[in-house]
Amino acid sequence: MLVKLTDVGFEWYGRVLFKGFTEVINPGDRVGLLGRNGSGKTTLLRLIHGSLEPTEGEIERAGHLRIGFHEQIQSSERELSVWEAVRKDLTGEDADRTTRSLLKGVGFDEAGWNRPLCSLSGGESGKLNLAKLLSREWDLLLLDEPTNHLDIANIEWLTEHLTRFYGSFIVVSHDRYFLKSVCNAFWEISAGRVWSFKGDYMKYLKARELLKKSNMRRAENLRKEIERQKRIIEMYRRWNRENFLKQARSREKMVTRLEKELSEIEIPESEPVVPMSLPEVERADFKVLAVEDFGVELGGKYILQKVNLEINRNQKVAILGRNGAGKTTFIKAITGLIPFTGKVEWGTKVKYSLVDQMLENLAPDLTILEQAWSKARDWPDWKIRAYLGRFGFTGNEVKKVTDELSGGEKTRPALALAILENPNVLVLDEPTNHMDLESVQVLEEVLKDYRGTILMVTHDKSLIESVCERILVVFNGSVIEIGDIEEYLKLSSKVSDSSEEDTKDAKEKLMAFQRSKKLKNRVKSLKKRLGELEEEYLKKEGELARLEGKMKVHAADHEMLLTLHREHEKLTQKMEQILEEMDELSVKLKELGSTTSIWRS
């Protein structure tokens, strides 16, 4: 036993976060701690660490137990360099090698190892604290959102590091891929208690659903039985005979007991499924965004240069890259927030929304419902509430004002308001940062259902694999396209292990490969679109045949025939547009050296 918790509870200013938690942390336990923002996850870590005392119950720790918890940089350390802060806790022949491995692992490039701690941003300080924590030996690690501010390659490194870690740990994270990879048990703070589940992530989900259904069924059966007994009691009292009145009093005691049993049933909270579709978006041009010979210069240095790429209608694109590579710079430049060189051309029918800007424009003193109504004034109350339910805001949650929401919670209303403006392109920069796991799942479903184009900077592997069909990487001042995340991890590994000259050579080879791959991807994209258009045309042909059949049937009905003629005209115009686009695509494919028939055999 490392730590034993007995009937532990914590109350904060009259609000009970959780109570009655009894659990034992044993050697080899690797626990994922889940719960909504504000549910008490960090509080529970502090209670286990000992930096906070429970308001009820007790916590027993094994003698000489070494517990590692995220620490803030001490003021006495702020003049140390990044290298010195990690190296000072290490001894032995491998100290330098271990320091290099840790700093690279959490995402510090060699160029930044000599920076003083006082110059670090909040995100960089968090990464350094993680490196310092992992530089020492612990029996129990307490990790609070360690994947925040790490890119996918760094998360992969942390995953491997924790897999090899000999001790136990409890980790708070919203990254499902990470949780699936490292945890063998889960605690969930929900409905004022901490639920404990043994097994991996998939077993946790199944056990949680089984528990929820079982308790809901039990609660429903108890409610029915209580109503049945009340009806019998009422009937006995109407009969007003002594023996029946005696039975009524006996059954009233039974009802009291059943009501107490019902009140004690606890069910893990979860977001209700709201089956409302998102608003339709205006159809954009096929070419949504074209970037040619694009570059961004900051402080006399080119962050990005000679970037050429094209994004097409309805494509959902993930943008990856190491921290500081220029992902946010790229997003800001193409949306006109910072100057750039070269050419950025959005399609004529494109209306994009930068969700970060919507986040900044949330009214602090207005409710989510009020702000949504301001964007959709003609929607009835039930419809706007159902729409907000898609983003995880149900019941009285829609009456929360912006200032009541945590940083992670604010992304959801910002996205909801952005989509109400009917953009056909959404631009998102790290939307899952500071979100809880449930919010990430809500976000994923919304982005999957969205019918426009998405450009999204993210490090969430599960989100990328579920939502995105293309992956761009900001790498060494350029933007390249890769096939999948595994390819990105290989690329990151090569860059991390190579010298500056090797990196230069690798970049030249990669760029040559990229040009070839870009051509193949372009051909693949055009062929895919051609196939979609073919299917659409054949479908319209069927509609046309049915319409012409109706016209023959109603040949004597002048008014109906006029209506059908108008429909016929619209349909034939649409079919002509499809044929024109197919012809354009065929010409482009021929120019790219690909031969394909307009019609598949």
Side-chain angles (χ1 to χ4, degrees), residues 274-289 311-316 346-353 372-373 375-387 389-390 418-426 446-454 469 525-591 595-601:
V274 183
M276 180 174 177
S277 299
L278 298 178
E280 290 290 338
V281 300
E282 184 184 354
R283 185 180 172 89
D285 304 309
F286 177 67
K287 187 190 292 185
V288 168
L289 172 66
I311 307 294
N312 296 325
R313 185 197 306 129
N314 296 345
Q315 289 183 338
K316 297 181 178 180
W346 292 93
T348 55
K349 294 181 181 178
V350 166
K351 180 183 178 183
Y352 64 79
S353 178
W373 256 332
K375 304 283 183 185
R377 295 185 182 279
D378 57 336
W379 284 21
D381 179 78
W382 67 266
K383 187 175 180 180
I384 203 78
R385 286 176 180 271
Y387 173 74
R390 281 299 312 267
I419 292 176
L420 280 178
E421 293 185 342
N422 290 314
N424 44 30
V425 179
L426 281 177
V446 168
L447 295 182
K448 282 165 67 176
D449 195 32
Y450 179 67
R451 296 176 180 85
T453 302
I454 292 174
E469 65 198 63
S525 174
L526 292 174
K527 284 184 175 179
K528 180 185 176 185
R529 178 59 185 158
L530 200 56
E532 290 171 352
L533 288 169
E534 176 191 337
E535 289 177 7
E536 191 177 351
Y537 187 86
L538 292 173
K539 186 179 175 183
K540 297 295 181 191
E541 272 192 331
E543 291 177 18
L544 188 67
R546 287 190 291 274
L547 190 60
E548 288 174 345
K550 281 186 180 180
M551 291 170 73
K552 289 178 182 177
V553 171
H554 297 283
D557 187 337
H558 178 72
E559 193 173 327
M560 174 64 79
L561 197 59
L562 195 63
T563 301
L564 293 174
H565 266 299
R566 281 197 288 265
E567 287 182 28
H568 188 279
E569 188 177 344
K570 285 181 183 177
L571 193 55
T572 52
Q573 283 178 355
K574 178 63 180 172
M575 291 172 72
E576 285 171 11
Q577 289 172 2
I578 293 171
L579 285 174
E580 284 175 11
E581 188 175 343
M582 289 173 72
D583 189 49
E584 287 174 12
L585 292 176
S586 296
V587 171
K588 286 180 181 177
L589 282 167
K590 193 172 181 180
E591 289 172 353
T595 56
T596 186
S597 168
I598 289 184
W599 304 104
R600 291 177 298 197
S601 56

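Counting begins at 1 with the first residue of the sequence. This one's a predicted model, so the numbers in the text were calculated from it and none came from an experiment. For the numbers below, each heavy atom of this structure counts, side chains included, while hydrogens, waters and symmetry mates do not.
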**Q** Measuring only between side-chain heavy atoms, which start at C-beta, is V446 closer than 4.5 Å to I419?
**A**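 Yes, their side chains come closer than 4.5 Å.
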**Q** Which distance, rounded to the nearest 0.5 Å, do you find between the CD of Q577 and the OH of Y537?
**A**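 Reported to 0.5 Å precision, the distance equals 12.5 Å.
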**Q** So which heavy atom on Q315 is nearest to which on T453, and how close?
**A**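 Minimum heavy-atom separation between Q315 and T453: O-CG2, 3.0 Å.
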**Q** Please evaluate residues L530 and L589 with respect to the criterion side-chain contact (heavy atoms from CB on, under 4.5 Å), reporting the C-alpha separation (whole Å), side-chain torsions for both, the decisive distance (0.1 Å), and the verdict.
**A** CA-CA 10 Å; L530 200 56; L589 282 167; 3.9 Å; yes
**Q** Side chains of N422 and E282, heavy atoms from C-beta outward: is any pair under 4.5 Å?
**A**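 No - every pair of side-chain heavy atoms lies 4.5 Å or more apart.
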**Q** Does a salt bridge link K351 with E421, judged by any charged N lying under 4.0 Å from a carboxylate O?
**A**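 E421 and K351: not salt-bridged.
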**Q** Side chains of R451 and N314, heavy atoms from C-beta outward: is any pair under 4.5 Å?
**A**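 Counting from C-beta outward, R451 and N314 never come under 4.5 Å.
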**Q** Take L420 and W373 through the test side-chain contact (heavy atoms from CB on, under 4.5 Å) and record every step on the way to the result.
**A** CA-CA 10 Å; L420 280 178; W373 256 332; over 6 Å; no
**Q** Let me confirm one number: the NZ-NZ distance from K588 to K287, rounded to the nearest 0.5 Å.
**A**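 That separation rounds to 5.5 Å.
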**Q** Find the distance between OG1 (T572) and NZ (K540) and round it off to the nearest 0.5 Å.
**A**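 Result: 11.5 Å between the selected atoms.
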**Q** Would you say I311 and W346 make side-chain contact, with heavy atoms under 4.5 Å?
**A**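 No, side chains not in contact.
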**Q** Which pair of heavy atoms, one from D285 and one from V288, lies closest together, and at what distance?
**A**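 Closest pair (atom of D285, atom of V288, distance): O-CG2, 3.7 Å.
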**Q** How close do V425 and Y450 get, counting heavy atoms only, and between which atoms?
**A**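 Closest approach of V425 to Y450, heavy atoms only: N-OH, 3.3 Å.
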**Q** Would you give the length of the straight line joining atom CD of E534 to atom CE of M582, rounded to the nearest 0.5 angstrom?
**A**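 The CD atom of E534 sits 6.0 Å away from the CE atom of M582.
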**Q** Mind listing the closest non-hydrogen atom pair of A418 and P423 along with its distance?
**A**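 Where A418 meets P423 most closely, the heavy atoms are O-CD, 3.1 Å.
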**Q** Give a yes or no on whether E559 atom CD has more than 12 heavy-atom contacts from other residues, nucleotides or ligands under 6.0 Å away.
**A**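 No, not enclosed.
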**Q** Nearest 0.5 Å please: distance from the CG atom of L547 over to the NE2 atom of H565.
**A**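 These two atoms lie 9.5 Å from each other.
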**Q** At what distance, to the nearest 0.5 angstrom, does CG of L538 lie from CD1 of I578?
**A**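 It comes to 9.5 Å.
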**Q** I want to check something: taking the side chain as every heavy atom from C-beta on, are K539 and E543 in contact at a cut-off of under 4.5 Å?
**A**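 Yes, side chains in contact.
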**Q** For a 4.5 angstrom cut-off between non-hydrogen side-chain atoms, does Y352 reach L426?
**A**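 When only atoms from C-beta onward are counted, L426 and Y352 do not touch, as no gap falls below 4.5 Å.
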**Q** Salt bridge or not between E532 and R529? Use side-chain N to carboxylate O under 4.0 Å.
**A**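 Salt bridge: yes.
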**Q** So do the side chains of K528 and E469 get within less than 4.5 Å of each other, counting heavy atoms only?
**A**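 Heavy-atom side-chain distance check passes, below 4.5 Å.
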**Q** Say whether, by atom type as modelled, one donor and one acceptor occur between the side chain of K316 and the main chain of K448 under 3.5 angstrom.
**A**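 Checked: pair present.
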**Q** For a side-chain contact (heavy atoms from CB on, under 4.5 Å) check, start with the C-alpha distance between K550 and M560, then their side-chain angles and the critical distance, and finish with the verdict.
**A** CA-CA 10 Å; K550 281 186 180 180; M560 174 64 79; over 6 Å; no
**Q** Just do the side-chain contact (heavy atoms from CB on, under 4.5 Å) check on E536 and L533 with the steps written out, would you?
**A** CA-CA 5 Å; E536 191 177 351; L533 288 169; 4.1 Å; yes
**Q** Quick one: closest heavy-atom pair of I384 and A376, and the distance?
**A**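 In this case the closest contact between I384 and A376 is CD1-CB, 4.0 Å.
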**Q** Can you tell if the side chain of R390 reaches within under 4.5 Å of the side chain of D449, non-hydrogen atoms only?
**A**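 When only atoms from C-beta onward are counted, D449 and R390 do touch, with a gap below 4.5 Å.
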**Q** Checking the side chain of N424 only, and the main-chain atoms of K349 only, is there a donor and an acceptor separated by less than 3.5 Å?
**A**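 Confirmed, N424 side chain pairs with K349 backbone.
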